[in-house]
Number of protein chains: 2
Amino acid sequence: MLKTRVISALVGVILLIAVVCSGQMVLGTAVFFVSMLAMYEYFRSLTNAGYRPVKAVGYISCAAVLFLSWSEVLKNSFFQQIISLKSLLFAVFAMIVVLFSFIIFLHGKYNIVDISLTFFGVFYITFLLSFIVLTRNLKSGFLFVWLIFIGAFSTDTMAYFSGLFFGKHKLMPAISPKKTVEGAIGGVIGCALATFLYGLYLNKSGSIEFIPYFHFFVMGILCGIISQIGDWAASAIKRYVKVKDFGSIMPGHGGALDRFDSILFTAPVVYFYLSWII
Amino acid sequence: MLKTRVISALVGVILLIAVVCSGQMVLGTAVFFVSMLAMYEYFRSLTNAGYRPVKAVGYISCAAVLFLSWSEVLKNSFFQQIISLKSLLFAVFAMIVVLFSFIIFLHGKYNIVDISLTFFGVFYITFLLSFIVLTRNLKSGFLFVWLIFIGAFSTDTMAYFSGLFFGKHKLMPAISPKKTVEGAIGGVIGCALATFLYGLYLNKSGSIEFIPYFHFFVMGILCGIISQIGDWAASAIKRYVKVKDFGSIMPGHGGALDRFDSILFTAPVVYFYLSWII
């Protein structure tokens, strides 16, 4: 099982490097496909639990990821004019109207719970994943976007090994029976170290203007915490809808949503930290 | 019953005029209280149906209405600096994290359905009501904000009387057994006439730069349609959670959410029409 996981992870990482290095538009398109897949898995798990999410609304929302990415690449184009605070507000309003139409005109088939789960899913998946694209769109975003993945993967990996070697005290048996306090702490420390090392590389290579090292530490600690919250959040949903994994696209890792559960949360943290604090 | 309704409506309208005329900050504060009350009613109806919305998150979200209103009045103040696209995105992200914390750390008490209903409620109530404040913040907003109320009330009233006199064909028996096609059409026509008359007053009084009359007609038609969608949306929720009214604060009209169900939807329509088209 560990062997499958490792091989699968290696393939995933190679794919990720290839995608990120292929440029902004390829990354945006890849994030779009991930969001579609994650949305599919989220909806499927809800459907299995007896709910009726409005799938079309969820899938259409994923187009926002493409818009965000392409509008930045194709400067001054049609796309870019569309993207603004006001059109974002309008899109949310339109989504509310469309969702309500389902419980009005298809009353009996859909109810307020179904449309709320759909609406929440759009924010949980499309909205959070958009921060990968937003981070990539920042100045030196090509270099900074890695922090999102390094943050999530180093936490995952270090939490796993810290738990394996030092794990004694159960953390949250109701959701993830195997998680330990020692694992969680190890995840945060591991993440801080990993982002620090990446910061060392960035500063030494001279590819960015110098950023004080404590920023990378702080980002690492924040990512180490939020990354695990992302992990537990997905577990809490899975436990409620009674599935072990959201999917099976990555052998040993489950579905796209299982693999991206932490990234969903590290992406906004990295984005806000970079654009507000640094 | 009709007498109670009329007296109650008159008191409401006088109160509304007093509030809107008392200026921006009073209106913002009033919208804040309405959003708190509507949130309370929404949560209570869900609780009665067996769900456990995260009430604190809903109530805290209402502060956004105050922020929006006061930041505009107290120019260059602390509030105004806080309000931006980025802080809006951050607030949504923070809300997602907080809500997930409830299903992680209080697993068994709360679940994904509860937090989705809470999240949707914040957008249904706080977000939609904010458009009253946003419209008031527009240039000549003091005059334009009336379109929101005129749009909703004229539709309601005209739909009621058209239905009473001409109603034959049932519109949506599953949600609102008394609603008729004739009533709905009458509502739209009545709304278009009312907004046209208000436009006539605005143009003739010279209090605004001239706006072609067809804009008032179009706004009226849009408000007449969306206003009824708002009405039916609230009915669909009420039918699902099995309550007749959300509350009883206005004799003959029900609760705040019963009275504002249409306004929730006319507010964004008026705002987007004014700020995009005119």
Side-chain angles (χ1 to χ4, degrees), chain A residues 45-46 49 51 84-90 92-97 99-105 107-108 110-121 123-124 127-128 130-131 134 172 174-175 226 229-237 239-241 264-265 267-269 271-272 275-276, chain B residues 45-46 49 51 84-90 92-97 99-105 107-108 110-121 123-124 127-128 130-131 134 172 174-175 226 229-237 239-241 264-265 267-269 271-272 275-276:
Chain A
S45 74
L46 292 175
Y51 300 104
S84 70
L85 170 58
K86 231 172 253 180
S87 36
L88 179 72
L89 298 181
F90 184 76
V92 174
F93 171 58
M95 182 158 61
I96 294 174
V97 174
L99 286 176
F100 268 120
S101 301
F102 277 84
I103 64 168
I104 293 171
F105 301 110
H107 191 77
Y110 296 97
N111 60 50
I112 179 76
V113 172
D114 298 322
I115 66 170
S116 296
L117 285 167
T118 308
F119 190 78
F120 189 69
F123 281 84
Y124 176 44
F127 173 74
L128 294 184
S130 300
F131 286 97
L134 289 174
M172 35 186 59
I175 299 177
I226 205 78
I229 290 182
D231 186 8
W232 304 333
S235 299
I237 300 178
R239 188 131 303 233
Y240 180 72
V241 298
L264 289 175
F265 286 72
V269 165
Y271 173 75
F272 288 117
S275 56
W276 263 337
Chain B
S45 74
L46 291 175
Y51 300 103
S84 70
L85 170 60
K86 231 172 250 178
S87 35
L88 179 71
L89 298 181
F90 183 76
V92 174
F93 171 58
M95 182 159 61
I96 295 173
V97 173
L99 285 176
F100 268 121
S101 301
F102 277 83
I103 64 167
I104 292 170
F105 300 109
H107 190 78
Y110 295 98
N111 61 49
I112 178 77
V113 173
D114 298 321
I115 66 170
S116 296
L117 285 167
T118 309
F119 190 79
F120 188 70
F123 281 84
Y124 176 43
F127 173 74
L128 293 185
S130 300
F131 285 98
L134 289 175
M172 35 184 59
I175 299 177
I226 205 79
I229 290 182
D231 186 8
W232 304 333
S235 299
I237 299 177
R239 190 131 299 238
Y240 180 72
V241 298
L264 289 175
F265 286 74
V269 165
Y271 173 76
F272 287 118
S275 58
W276 263 337

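Treat the numbers as computed from the prediction; the structure is a model and nothing was measured. Residue numbers start from 1 in every chain, and the chains themselves are labelled A, B, ... in the order their sequence lines are given, proteins ahead of strands.
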Trainee: Go through A/Lys86, A/Arg239, A/Met172 and name the one with the most non-hydrogen pairs under 4.5 angstrom from chain B.
Mentor: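 Ranked by contacts with chain B, first place is A/Lys86.
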Trainee: Is there a side-chain contact between A/Asp114 and A/Phe102 in this structure, where contact means two heavy atoms from C-beta onward sitting under 4.5 Å apart?
Mentor: no
Trainee: Under a 4.5 Å cutoff for heavy-atom pairs, which residue among B/Leu85, B/Leu128, B/Asn111, B/Ile103 has the most contacts with chain A?
Mentor: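 Top count of heavy-atom pairs under 4.5 Å with chain A: B/Asn111.
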Trainee: I'd like to know which of B/Trp232, B/Tyr271, B/Phe123, B/Phe272 tops the heavy-atom pair count under 4.5 Å against chain A.
Mentor: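 The option with the most such pairs is B/Phe272.
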Trainee: Go through the atoms of B/Phe120 and report whether side chain, backbone, both or neither lie under 4.5 Å from a heavy atom of chain A.
Mentor: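 Both parts, backbone and side chain.
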Trainee: Look at B/Tyr124, B/Phe105, B/Phe127 and state which one has the largest set of heavy-atom pairs under 4.5 Å with chain A.
Mentor: B/Phe127
Trainee: Using non-hydrogen atoms only, which part of A/Ser275 is less than 4.5 Å away from chain B: side chain, backbone, both, or neither?
Mentor: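 A/Ser275 touches chain B through backbone and side-chain heavy atoms alike.
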Trainee: Contact part of B/Phe265 toward chain A, heavy-atom cut-off under 4.5 Å: side chain, backbone, both or neither?
Mentor: both
Trainee: Which of the residues B/Leu46, B/Val92, B/Leu99, B/Leu134 is involved in the greatest number of heavy-atom pairs with chain A at under 4.5 angstrom?
Mentor: B/Val92
Trainee: A/Gly121, A/Ser87, A/Ser101, A/Gly230: which one forms the most heavy-atom pairs within less than 4.5 Å of chain B?
Mentor: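 When all of A/Gly121, A/Ser87, A/Ser101, A/Gly230 are compared, A/Ser87 has the most.
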Trainee: Flag the one option from A/Val269, A/Thr118, A/Leu89, A/Ile115 with the top tally of heavy-atom pairs under 4.5 Å to chain B.
Mentor: A/Leu89
Trainee: Based on non-hydrogen pairs under 4.5 Å, which of B/Val241, B/Ile96, B/Ile229, B/Leu88 is most in contact with chain A?
Mentor: B/Ile96
Trainee: For a quick test of reading the model, state the closest non-hydrogen atom pair linking B/Ala233 to A/Ile104 and the distance between them.
Mentor: N-CD1, 3.5 Å
Trainee: What's the spacing between A/Ser84 OG and B/Trp276 CH2 if we round to 0.5 Å?
Mentor: 6.0 Å
Trainee: So for B/Ser235, is it side chain, backbone, both, or neither that comes closer than 4.5 Å to the heavy atoms of chain A?
Mentor: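 Neither part.
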Trainee: What part of B/Ile226 is in contact with chain A, defined as an atom under 4.5 angstrom from a non-hydrogen atom: side chain, backbone, both or neither?
Mentor: side chain
Trainee: If I take atom CD1 from residue B/Ile237 and atom CD1 from residue A/Ile112, how far apart are they, to the nearest 0.5 angstrom?
Mentor: 4.0 Å
Trainee: Roughly how far, to the nearest 0.5 Å, is the OH atom of A/Tyr240 from the CD1 atom of A/Ile175?
Mentor: 14.0 Å
